Every structure is written in structure tokens, then in C-alpha cells.
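Everything below concerns the one structure shown next.
Just so it is clear, the model here is predicted, and its values are computed rather than measured. Quick note on labels: first sequence line is chain A, next is B, and so on, each numbered from 1. Computed over heavy atoms, backbone and side chain alike; hydrogens, waters and symmetry mates excluded.
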Number of protein chains: 4
Amino acid sequence: MGSTDKKHPDQERALHRRKQILEAAECCFSRSGFHGASMAEISKAAGMSAGHIYNYFDGKDAIIAAFVQANVERVSAKILGMAQRDDPLQAAYDDIERSVREDIKPGIWKMPLEIFAEASRNPMVAELVQEADRHTRAEFRKLLRAGREKRGMASDDATLDGRIEIMVAFFQGLHVRSVHNPSMNMDSTVAAMRLALWPLLFNE
Amino acid sequence: MGSTDKKHPDQERALHRRKQILEAAECCFSRSGFHGASMAEISKAAGMSAGHIYNYFDGKDAIIAAFVQANVERVSAKILGMAQRDDPLQAAYDDIERSVREDIKPGIWKMPLEIFAEASRNPMVAELVQEADRHTRAEFRKLLRAGREKRGMASDDATLDGRIEIMVAFFQGLHVRSVHNPSMNMDSTVAAMRLALWPLLFNE
Amino acid sequence: MGSTDKKHPDQERALHRRKQILEAAECCFSRSGFHGASMAEISKAAGMSAGHIYNYFDGKDAIIAAFVQANVERVSAKILGMAQRDDPLQAAYDDIERSVREDIKPGIWKMPLEIFAEASRNPMVAELVQEADRHTRAEFRKLLRAGREKRGMASDDATLDGRIEIMVAFFQGLHVRSVHNPSMNMDSTVAAMRLALWPLLFNE
Amino acid sequence: MGSTDKKHPDQERALHRRKQILEAAECCFSRSGFHGASMAEISKAAGMSAGHIYNYFDGKDAIIAAFVQANVERVSAKILGMAQRDDPLQAAYDDIERSVREDIKPGIWKMPLEIFAEASRNPMVAELVQEADRHTRAEFRKLLRAGREKRGMASDDATLDGRIEIMVAFFQGLHVRSVHNPSMNMDSTVAAMRLALWPLLFNE
DNA sequence: AATGAATGAGTTTTCATTCAT
DNA sequence: AATGAATGAAAACTCATTCAT
């Protein structure tokens, strides 16, 4: 649908070109934002003419959409990765430090912020992130329910959903914190994070 | 500095004009984002000519800066308001429901998201939000320390800062949640919020 | 409707500007055609920046539409002028020579040809010329009927409409002839025209 | 000259390819006009790659020229066909109804209008249609002279040329009428046509 | 103090054409 | 003979900003 359906006999090359463009876009978007980055800028970064990009994407909006799509998939992948672990809940708790350090790594949090803002006014992007979020929450709920039932704890839908909401809010909030407080103290933040997540995961 | 120093004989009127412009900008920015809103749009909303705006602001960037400034001050004011209460910590905890409902009210969370994104690439805006955040954290720390000392609890700087970081992340993360999950279940979210905030506020 | 409704406090100036643009457009359109003429070309000919044109017209299509409108009105005006005459039919017949000479004057027939072609694919332009044509035929029919009734001749609608169709075809066909045969012999053409028009006007 | 001189070992195939392209072009040109149709569109319709077209034509202009050429030849063929008839003049008169119906058939008149417009600004195309017109007029003149002399009527060049001019104007004007009045009444138009053509053909 | 006419640089996008394969 | 990836120039249009009034 949308932009993958252009006819390119050499699919291999086409895929590579698209990747090239999206990587160039990442760099430009992160530097100047979706609307500040021009097609000329992107094409230069991608090492091809501006016109040629239109052989792979319908337009700038399609690039933004594909880019957002790729980014939300990255988040989904994380959750799915967690599901592989032995005791996913415990694993998540143990991984807090790594997660936090990852989330506030410079260069990591810029694109999410841009995507959030774009989703707040571009319906196409909104639908993309909301759909991905639905999926992520569903996966997360499965994990949470399984983990809690194993421990013999209540797990009605509403309760789980509320806790998931807050846990995700925290991690997404961390991106926001990064831009507000670049010199955040990592250790005490991680400690506080543990304190807050524990009851969300393991309290009745 | 910047935009307040233009010479206007009638300072009263000038201030009013600036307020007019910023209010018009709010409406346009919220609809179209900082970069999607045009000066023409703003000037029409403000009920004055485009040219005239330049008598009060150096340019669009100056409007954005002033607008961001006004918005971050609104957040600071909230904290200061809390400080007036008898037992600020308990008050904050009791107010969770109202705060959450306020944060995800449609039309409330759009501007913050826009500001976060802008701060991530516009150094002037970044400096603004970081400075305001420093101030907010400092005020919050005073409140938190006072509340905890009254209760005879430890309150070294690092611990407090970590917990503040997480608490603020929660609330800012809620704005982000709004765009990801428009049909969030309020009650269970508030319940989970309480569960998470309690230890942050009152645990050793 | 369309392009006249832009708010220009100084209506006088605005009207003059629009006229300037349409005159410049005439020159460019006639030289390069509707699609061959660029906004840059037009703006240069109009003596203003390309961007400024958009303060007076919604876009190139609006210019084309206004231009076509002005041109079809010119044709209507001719018919109306004829109606003023004492015996319009005789006058029309007597004026044949002048009409023919006018129609094939270089620089006169180019725009009609362009308009005809444009109308054949641009529905907006088609509607414009068809509406004008309906009006012109109606006026012409009134004239023709009055003239013939005065002479005691039959004048049922169908007959009149057929003759009008052919008479108009002649005159519009003359524009076409101009591009096919630039060295047309005027005198014999006028004579032939008289021969053909006479029965159309005055036969039973 | 121009486009026929490309060296193609298999001339048969080359000719077929050119025909393929011109037929594809007909469809595209008629839908979008000479300038609205893109080479990509044409190449897709022709079932070959865009690049390959350049092995048969020097460029888009060459396609337009060849296309126009083919179209004007079609008109010439009509006249030549008429010459085969027993009494060509009478035949022409008797065929009026068929000719009219043919001329205003939807899909028939679009290309002529496009060609007329193009000829009015593209000198190469102008030369093409003028040359073809010279030829057509010459043939027509021969027919007309023969028919009239057989009937013992005067037929000096100037008179004949004037009448031919008007007769052709009428038929070409019909194309123009089609776009102005899509709901033209056929029967009365044919009747009027007969009325007008008779004296042109058969009067002194 | 206030206007809005005017500019010009910059935006996205299209397309005829070329050329390595 | 044939492809289609690639280019680059040009198109329509937008908009922050200036300035004469």
C-alpha cells in the first residue's frame, strides 16, 4: 500500500535505494524536523537527485509516513524481544537501567519527540502511531497478565491497562526529560524508576 | 533582551498588543504547529496587519520564543501554586486525578508536544525550556524535602532529584500518551498513577 | 466568485493590478499558449514579482479562467452591439467584410484557438465557453427571429438554431483558416461568405 | 529528414514501432493535450520504455510533428477519396449529413482543436498544416473546377479559392462548435449546412 | 501606530532526456 | 533492440519580511 507498490524490476536495488533515502531522511529530520528538512537536503544526504526520490516515494508525506512506520516498528520489536525472556516481567525490571540509559542517549530521543508532535496534527501519522501503540499495549498486556497470573495475582483488564499506560508514559516521558534536563543524574533516576515500576508490575 | 526592548511610547498598549499576538499565535500554533502556521494566519487571528507584528517582535522565531516562554511559565505557576497548600505533598497526591484529567484534556497536550519537538532542534527554545525546568525542579525539590523532613524521612539531593525526574516524566509522558491512545481508561490510569507516585513521594 | 473576492482595501488599485496581469497574460499566452507560458514569464511581463500575482489570483488556473472569461465577453459584446443597429440582420450582412477582416487579423485568432483547445480538456474552461455560447446564441436567435418576422418569414426554433450554428461555425472557422492559410485572398473570401450567409439569413 | 533517417537495420520493425508510438500518442494527446501528456504516459501506452522511444523519435517535438503529419494526411485522404466519385460535387453535397455527423463525433474533434492551437505557436507544426492545407485546397480546387465547368459555370481561380476557403472554414468550424455546444441539433444544422453550401458549390 | 502591497528566496514536484547495462 | 535508473532544469506556489504611506 502507498509507497511500496511502485514497479521496480530490480527489487533489490529499489529496497536499497529506499533504505538510503530513509537513512538520509533520519539525519535531516533529526537535524531540522519533518518540516524544516527540505527534499533538496534529503536528496543531497541520500546522494541522489531530488527528482529521483520521487521514483521511490510518492512525496514528502510518504517519506515521513515510511519513516514513522520504521520507527514505531523499532519500538514494537523491543517489546517482542522482551517476550522471549524466561520471566519477562522480572527481565523488564532488571533491564530498567539499560532501558533508561538507552532512552536518553543523545540522538535517540529527538525523533520520537518529532514524531509525537507530528502525530498531534497529521492524521496519517496519528493513525500510524496509534495503531502501533494498540499493538504494543496488547503485547505488553499479554506479558503482564502471564507474569502476574504465574505469581497468583489479580489481572483484570482495566487494572492492567491503567498500569501499562503509566509504565509506557514513563518511558516515553524519559524522552521528554532528555530535552529538559540534559544533565540528569542517571543513578538516582534509575533508582526512582525501580521504586515506581515495582508496584505497577507486582502489586495487587 | 531580544524582543522586549523595542521602544514604544505607550508601554501599556504595547504589552497588550504583544499579549494579543501571543494569544492569536496559540490558536494558530496549536492548529498547524510552529512551522505550519504562517505569519499571515497569525496576523489575521490577532486582528492586525502582518507588518505591524514586526513592531512588537523581531520575527517569527521571536514569537515562538515568547510563546514558549509564556507556556513554561504556566507550568512553573502550577508548582508554585502547590507550594501554597498546607501539606503540599499530600495535596499533590490528592490532586492526582485532577492533574491527570487536565493533562490529557484535548487541546491541552498539543502545544507541549510541539514545544518539546521544537526544543529538540532550536537551541534558543531548548535553553528556554531547560532554564524553566531547572527552576521547576528546584522549587519541587524544596517542597519535596520539606514534606519528607516533616515526616522524618531521608532527603539527600541525589535521591530527591531522581524521584523528581521520574515524577515529572510521568506527567509529561501523559501528554505523549494522549496522542498514542485517545481512548485511554481514565479511572484505572489514575489508580496506577497513585500506585506509582506513592513510593516516590513517601518511601525512604 | 473565485478570484474577485480577495480582500483588497484599495479596490481601484487591485482592479488595475488584475488588469495588468491579464494583459501580461494575453501577451504570454498568445506567444506560448496557456501551458507553455510560465508564471515567471507572466510576472515579468506584468512588471511584478511572481509571488505577488497570487495576491490577485488563486493560481494559474484562475488566471486562465479570468482570461477566458474576458475573451468570451468580448464576443458577446459584439452581438449586443449588433442588436443596437436599425436592421441588425442587414447590418450583419453589410458588415461581413469588416467582420472577416477582423477575424483573420494576425494576433486576433491565436487566443481563440488556444481557448478552444483548452476548453476541449479543461472542464472549467469548457463550462465558461459553453455558457457564453448559450448566451450568444440566445441573443442571436432573438435578432434573427425579429429580423425574419419583420420580413414575414418563418422562424421556428429548430430552423433558426441550425442556421445560427452554421453561421457561427463560419466565423469561428475563419480563425482556424487563418492558421492554415496565412495568404488567404480576402476579397473572394468575403464574396463567398456573402453568398453563403445570404440564404442562411433570408431564405425561408 | 528529421526523424525518419535513424538507422534501423530492420526497417519493417522500426516502422511498426513508430506506428505503435504514434497510436499511443493519439490516445494520450487526446486525453491530456500535447503538453499535458508526458513521455512516461506515452511510453506506457505504447508498451515500451521511455528511453526506447528516443531510438525512433528525436524527442517529444518530433512525435508531435509526426503525429500532426499523420493527422493532416488523414484529411487529405478524404478529399482524394471524394475525387474518385462519379460527380464529386454532387457527392459532396449528398454526403453533407454524414460529414457533419462525423465531424462532431465525440473524440473526433479534440485532436484537430489541439493541432490548430499548436500550429498557432509552433512554427514547425504551422508549416506542416499549411503545407497540407495548400495541397488539400489544390485538390479541392481541381474538383470544384471540373464540376463547375461540366455544368458550364464560371470558375476563375479567385472565385474558387474564396468559396473553398469558406467551405473548409465551415467544416473546421464544426469542430469548434462541438466544444461550444455539445447539444447541437443535428437535423436543422444539416439543413442549414445544405442551404449554405449549395450556392458555394453551384452558383455563378 | 498601523497598513498591506510587494518582494525574493525557498518549497515540493514534474518531466524530457541521457546513458550504462 | 531495449530497459529504466538517474539527472537537472524548470514549473507552480508559499511565506517571512520590508517599507512607503
Side-chain angles (χ1 to χ4, degrees), chain A residues 6-10 13-14 16-17 35-43 46-63, chain B residues 6 8-10 13-14 17 35-44 47-63, chain C residues 6-10 13-14 16-17 35-43 46-63, chain D residues 6 8-10 13-14 17 35-44 47-63:
Chain A
K6 294 216 174 173
K7 292 290 167 287
H8 287 281
D10 187 342
R13 183 187 203 103
H16 176 247
R17 279 311 209 181
H35 293 88
S38 74
M39 290 297 287
E41 205 181 332
I42 295 172
S43 75
M48 72 184 76
S49 76
H52 196 34
I53 292 186
Y54 288 82
N55 287 326
Y56 298 101
F57 291 94
D58 283 343
K60 204 186 175 187
D61 280 355
I63 299 183
Chain B
K6 297 220 171 176
H8 289 280
D10 184 343
R13 181 185 201 106
R17 280 308 210 185
H35 291 87
S38 73
M39 290 296 285
E41 205 181 334
I42 296 172
S43 75
K44 183 174 297 180
M48 76 183 70
S49 76
H52 199 33
I53 291 187
Y54 287 80
N55 288 324
Y56 299 102
F57 291 94
D58 284 344
K60 204 185 176 189
D61 282 353
I63 299 183
Chain C
K6 294 217 175 173
K7 293 290 167 285
H8 288 279
D10 187 342
R13 182 187 204 102
H16 177 247
R17 279 309 210 183
H35 293 89
S38 74
M39 292 296 288
E41 206 180 333
I42 296 173
S43 74
M48 72 185 75
S49 75
H52 197 34
I53 292 186
Y54 290 84
N55 288 326
Y56 299 100
F57 291 94
D58 282 344
K60 204 186 175 188
D61 281 354
I63 299 183
Chain D
K6 296 221 173 176
H8 289 280
D10 184 345
R13 180 184 203 109
R17 281 308 210 184
H35 291 87
S38 72
M39 290 295 286
E41 206 180 334
I42 296 172
S43 74
K44 184 174 298 181
M48 73 183 73
S49 77
H52 198 35
I53 292 187
Y54 286 81
N55 288 324
Y56 299 102
F57 291 95
D58 283 346
K60 204 185 176 188
D61 281 353
I63 299 182

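Position along DNA chain F of the nearest nucleotide to P9(A) versus D61(C) favours P9(A) as the more 5'-ward residue. Nearer the 5' end of DNA chain F, as judged by each residue's closest nucleotide, is the contact made by A37(C), out of A37(C) and M39(B). Nearer the 5' end of DNA chain E, as judged by each residue's closest nucleotide, is the contact made by R13(C), out of E41(A) and R13(C). Residues G36(A) and R17(C) each lie close to DNA chain E; by heavy-atom proximity, the contact nearer the 5' end of the strand is made by R17(C).
Distance check, rounded to the nearest 0.5 Å: CD1 of I42(A) to CD1 of I53(A) gives 6.0 Å. Between F57(D) atom CZ and M39(D) atom CE the span is 9.0 Å, to the nearest 0.5 Å.
A straight line from NE2 of H35(C) to C1' of dA12(F) spans 12 Å, rounded to a whole angstrom. As rounded to whole Å, 13 Å separates atom C1' of dT14(F) from atom CG of D58(C).
Taking all atoms of both residues into account, the shortest heavy-atom contact from K60(B) to A37(B) is NZ-O, 2.7 Å. Here the shortest heavy-atom pairing between S43(D) and S49(D) reads CB-C, 3.8 Å.
For the contact set between residues 47-54 of chain A and DNA chain E, defined by any heavy atom under 4.0 Å, the members are G51(A), Y54(A).
Contacts of N55(C) classified as side chain to side chain donor-acceptor pair (under 3.5 Å), with partners at least two apart in sequence or in another chain: H52(C). Under the rule for a side-chain contact (heavy atoms from CB on, under 4.5 Å), the partners of S38(C) that lie at least two apart in sequence or sit in another chain are A40(C), E41(C). In this structure, the side-chain contact (heavy atoms from CB on, under 4.5 Å) partners of H35(C), at least two apart in sequence or on a different chain, are E118(C), R121(C), H35(D).
Note that the first and last nucleotides of DNA chain E, 5' to 3', having any atom under 4.0 angstrom from a heavy atom of chain B are dA1(E) to dG4(E).
Between H8(C) and R17(C) there is no side-chain heavy-atom pair separated by less than 4.5 Å.
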- Treat a base pair as Watson-Crick or G-U wobble with both distances under 3.5 Å, then lay out DNA chain F in dot-bracket form, 5' to 3', with | for cross-strand pairs. .||||||||||||||||||||
